[in-house]
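Heads up, the thing below is written out as structure tokens.
The figures that follow rest on heavy atoms only: side chains count, while hydrogens, waters and symmetry mates do not.
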Amino acid sequence: MCLAVPLKIESIDSEGATVTLDGNSLVVSLAAVPEARVGDWVLVHAGLAITVLDEREARETFELLAEALGPDLRGEAPQS
């Protein structure tokens, strides 16, 4: 199953954007959303940020995913 997950951009450098979820971080490409900035929420699929979300959309999407997937994704939504 392939899912896109809302994540918050913590930093941007030449390698890409560092995003976080539940204390874990990863580096993703911003090639599809070059307008994204630190502090923005992005929808990430397969290492690529595919759209910028507002925080309300990001939290609603995360909660829907947590509800659908149960304990594997459940927990606190990423903090702002």
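- For Trp41 against Ala58, the heavy-atom pair with the smallest separation is CE3-CB, 3.4 Å.
- Rounding to the nearest 0.5 Å places CG of Leu7 at 12.5 Å from CG of Asp40.
- Residues Val5 and Leu69 are members of one and the same hydrophobic cluster, defined by side-chain heavy-atom contacts under 4.5 angstrom among Ile, Leu, Val, Met, Phe, Trp and Tyr.
- In terms of the side-chain contact (heavy atoms from CB on, under 4.5 Å) criterion, residue partners of Ala4 (sequence neighbours excluded) are, by chain and number, Leu43, His45, Ile50.
- Here CZ of Arg59 is found 11.0 Å from CG of Asp54. Values are rounded to the nearest 0.5 Å.
- Within the 4.5 Å cutoff, the side chain of Glu60 has heavy atoms near those of the Arg56 side chain.
- With sequence neighbours left out, Glu57 forms a salt bridge (Lys or Arg N to Asp or Glu O under 4.0 Å) with no residue at all.
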Going by atom type alone, with no hydrogens or angles, which donor-acceptor pairs under 3.5 Å involve a side-chain atom of residues 23-33 and a protein atom two or more places apart or on another chain?
{"residue": "Ser29", "atom": "OG", "partner": "Ala31", "partner atom": "N", "Å": "3.0"}

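- Taking CG from Leu53 and CZ from Phe62, the interatomic distance works out to 13.0 Å, rounded to the nearest 0.5 Å.
- Between Val38 and Ser11, the closest heavy-atom pair is CG2-CA, 3.9 Å.
- Val52 and Glu35 get closest at one heavy-atom pair: CG2-OE2, 4.0 Å.
- Contact check for Val44 versus Pro6: no side-chain heavy atoms found under the 4.5 Å cut-off.
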Query raised in the report: For Ile9 and Val42, what are the C-alpha separation, side-chain angles and deciding distance, and is it a side chain to side chain contact (heavy atoms under 4.5 Å, CB included)?
Result: CA-CA 7 Å; Ile9 297 174; Val42 288; 3.9 Å; yes
